[in-house]
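Letters go in sequence order (proteins before strands), and every chain restarts at 1. Nothing here was measured: the structure is a model prediction, and the numbers come from that model. When reading the values below, keep in mind they use all heavy atoms of this one structure, side chains included, and skip hydrogens, waters and symmetry mates.
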2 protein chains.
Amino acid sequence: MNDAETLDQPDETDETLGSLSRPGAVSGGRLRRAREAQILDAAEGVFAEAGFSGATMQGIAERAGLPKANLHYYFGTKETLYRAVLARILDLWVDAFDHLVPERDPAEALAAYIRDKMHWSRTRPLASKVFANEIIHGAPQVADYLSGKLKRTLDEKTRVIEGWIAAGRMAPVDPRHLVFTLWAATQTYADFEAQIRAVLGRETMDDDVFLVASRHVTGLILRGCGLKPPRGG
Amino acid sequence: MNDAETLDQPDETDETLGSLSRPGAVSGGRLRRAREAQILDAAEGVFAEAGFSGATMQGIAERAGLPKANLHYYFGTKETLYRAVLARILDLWVDAFDHLVPERDPAEALAAYIRDKMHWSRTRPLASKVFANEIIHGAPQVADYLSGKLKRTLDEKTRVIEGWIAAGRMAPVDPRHLVFTLWAATQTYADFEAQIRAVLGRETMDDDVFLVASRHVTGLILRGCGLKPPRGG
DNA sequence: GTCTATAATGGGATAGAC
DNA sequence: GTCTATCCCATTATAGAC
């Protein structure tokens, strides 16, 4: 199909999306890094709003304030640029799972995970949308990341949750499906923001919506797991 | 922007996507209806896999086993065909809310709603993906439906849930955000199926996955609402 | 490194025969 | 009503001047 194999680097410690700069380009150069970030920011927005096929290099160039040819100079092709955007998003999300460790109180750990995920939905909704779009269309670019690094992380966290359950510290919930629900319940405030705004009759997703949403998700999930919220929130 | 206004029919009883056949075409004709369904099925699949921009009329035609020009004969433009696909999906989903009525037991009502929604994720994942894609990209075609009919339905069901809470029949949960969580937790098994399969290490989403998923979502949400599952499920 | 101009492709839409 | 052949535009990518 496509060259998705080049994304998979099972021999390396980190199974991220791999080498994303052009073959001949050295990574250094403060100016280069700044230009790349400028282009990635613009691309994230356009890919989020239009999808991969709907996005145009011209549109990304205009949003970045650069001529179109510069994008090709820095990233070669539209697909490479798209993969670079995805890689940045995965880097962003990988850390939230660190809260789920055996020694921590389950209620505190889950509340912290929800807080972090809601934070990214609030501050980086465009990144979330690009990722959602990629998954809906069958994950052609990130399939190896999902079945590799992400699967191993989920397996590890599944054991943590099973440990909590075995110790009687929370109700017997399917750990993997609990995580699916956590992903869905938090990311919906970024991905489906248009629907939520519409049915709430709001022009914008303000802080107060996210405050209520965070309290709701935390309370509902923790009660669902037989836990009490750690704080008055 | 676009002609979204034509979708809004505030004076009619039903705020669906409105007249979707071509202006001159009479609706009758058994053969016509069959051909339209054939095209809509193919279009749903291609739009789900590729998005609106990524989908090609050629690809839809091949999937339907028809020449490309026939699609234009029946639906005029690509956008009209896309709107017809969306309209069919909304018709499909509108009924699940009927379970949430004041006189019914909250646990039974919510469990029935979850069951129906999981059923659609299981049997019509492509439809769910087309809708998800539309919302992620800002709901350009269904904005009026969301802020019209769907908002009114949600407002009505909010009052039902508030009634249950006021009567002490369930825990005090924000009704609207509860619905957002229900939508997210059920539709994720259709929309994010590629991710779920990848991290579960499965080639296909079989019945057993949906069985576990349904039990999980029902149990977690009902406990989160301070309710006990109505059956042994 | 940056930009203009252009080549090459792909796809939506339609004309017109049957 | 159905289908083939074709038009025309938008878009990716690149050549080559600066």
Side-chain angles (χ1 to χ4, degrees), chain A residues 1-3 20-40 42-43 45-47 49-85 137 140-141, chain B residues 1-3 20-40 42-47 49-86 137 140-141:
Chain A
M1 303 282 277
N2 55 39
D3 56 342
L20 293 160
S21 23
R22 303 177 68 199
V26 285
S27 59
R30 241 176 299 279
L31 194 108
R32 182 182 191 90
R33 304 284 286 178
R35 276 271 186 277
E36 283 178 356
Q38 179 183 6
I39 294 169
L40 286 171
V46 175
F47 282 132
E49 287 164 12
F52 176 78
S53 309
T56 68
M57 295 296 269
Q58 184 61 44
I60 297 171
E62 282 166 13
R63 190 146 165 167
L66 291 171
K68 188 178 60 162
N70 285 32
L71 311 199
H72 284 103
Y73 173 77
Y74 278 108
F75 288 96
T77 69
K78 183 183 176 182
E79 186 181 311
T80 307
L81 174 56
Y82 176 64
R83 289 157 69 93
V85 170
H137 298 340
Q141 305 290 338
Chain B
M1 300 283 279
N2 55 38
D3 56 341
L20 293 161
S21 24
R22 303 178 67 201
V26 283
S27 58
R30 244 176 297 278
L31 195 110
R32 182 183 192 90
R33 302 285 286 175
R35 277 269 186 279
E36 283 177 356
Q38 180 182 6
I39 295 169
L40 287 171
E44 187 174 285
V46 175
F47 282 132
E49 287 164 12
F52 177 78
S53 311
T56 68
M57 295 297 270
Q58 184 61 45
I60 297 170
E62 282 165 13
R63 192 147 166 166
L66 291 171
K68 189 176 64 162
N70 285 29
L71 312 199
H72 283 104
Y73 173 76
Y74 278 107
F75 289 96
T77 69
K78 184 183 179 184
E79 186 181 310
T80 307
L81 174 55
Y82 175 66
R83 289 158 69 93
V85 169
L86 283 173
H137 298 339
Q141 304 291 339

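Each of dT2(D), dC3(D), dT14(D) was ranked by its minimum atom distance to the side chain of Leu66(B); first place goes to dC3(D).
In this structure Gln58(B) satisfies the side-chain contact (heavy atoms from CB on, under 4.5 Å) test together with Thr56(B), Glu62(B), Lys68(B), sequence neighbours excluded. Residues satisfying the side-chain contact (heavy atoms from CB on, under 4.5 Å) criterion with Ser53(A), sequence neighbours excluded, are Ser53(B). For Arg63(A), the side-chain contact (heavy atoms from CB on, under 4.5 Å) partners two or more places apart in sequence, or in a different chain, are Ala42(A), Val46(A), Glu49(A), Leu126(A).
Closest heavy-atom contact between Leu71(A) and Ala61(A): CD1-N, 3.7 Å. Heavy atoms only, all atoms of each residue included: Ala55(B) and Ala50(B) are closest at N-CB, 3.6 Å.
Contact check, Asn70(A) against dC3(C): a side-chain N or O comes under 4.0 Å of OP1 or OP2. Remark: Arg35(A) is not in phosphate contact with dG1(C), judged by side-chain N or O atoms under 4.0 Å from OP1 or OP2. An OP1 or OP2 oxygen of dT2(D) is reached within less than 4.0 angstrom by a side-chain nitrogen or oxygen of Tyr74(B).
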All N/O contacts under 3.5 Å from nucleotides 10-12 of chain C to the protein, with atom names and distances to one decimal?
from	atom 1	to	atom 2	distance (Å)
dG12(C)	OP1	Ala55(B)	O	3.2
dG12(C)	OP1	Lys78(B)	NZ	3.2
dG12(C)	OP2	Met57(B)	N	2.9
dG12(C)	N7	Lys68(B)	NZ	3.2

Scan nucleotides 7-9 of chain D against the protein and return all N/O pairs shorter than 3.5 Å with their distances rounded to 0.1 Å.
none

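One distance of note links CD of Gln38(A) with OH of Tyr74(A); it measures 8.5 Å at 0.5 Å rounding. For the atom pair Leu40(A) CG and Tyr82(A) OH, the distance stands at 13.5 Å (nearest 0.5 Å). The line from CG of Leu86(B) to CZ of Phe47(B) is 8.5 Å long, rounded to the nearest 0.5 Å. Once rounded to the nearest 0.5 Å, the distance linking CD1 of Ile39(B) with CG of Leu66(B) reads 5.5 Å.
Fit an axis to the five pairs at each end of the helix from dG1(C)-dC18(D) to dC18(C)-dG1(D) and the two axes sit 0° apart, to the nearest 10 degrees.
Per the geometry, CG belonging to Leu81(B) stands 14 Å off C1' belonging to dA13(C), to the nearest Å. The CZ-P distance, from Phe75(B) to dT14(C), rounds to 16 Å in whole Å. In this entry the distance linking CD1 of Ile39(A) with C1' of dT2(C) reads 12 Å, nearest Å. In this structure, the OH atom of Tyr73(A) is 15 Å from the P atom of dA15(D), given to the nearest Å.
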Exercise for the section: Begin from the C-alpha positions of Phe75(B) and Glu36(B) and carry the test side-chain contact (heavy atoms from CB on, under 4.5 Å) through to its verdict. Expected result: CA-CA 8 Å; Phe75(B) 289 96; Glu36(B) 283 177 356; 4.0 Å; yes

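Remark: the backbone N or O of His72(A) is not paired with any side-chain donor or acceptor of Lys78(A) at under 3.5 angstrom.
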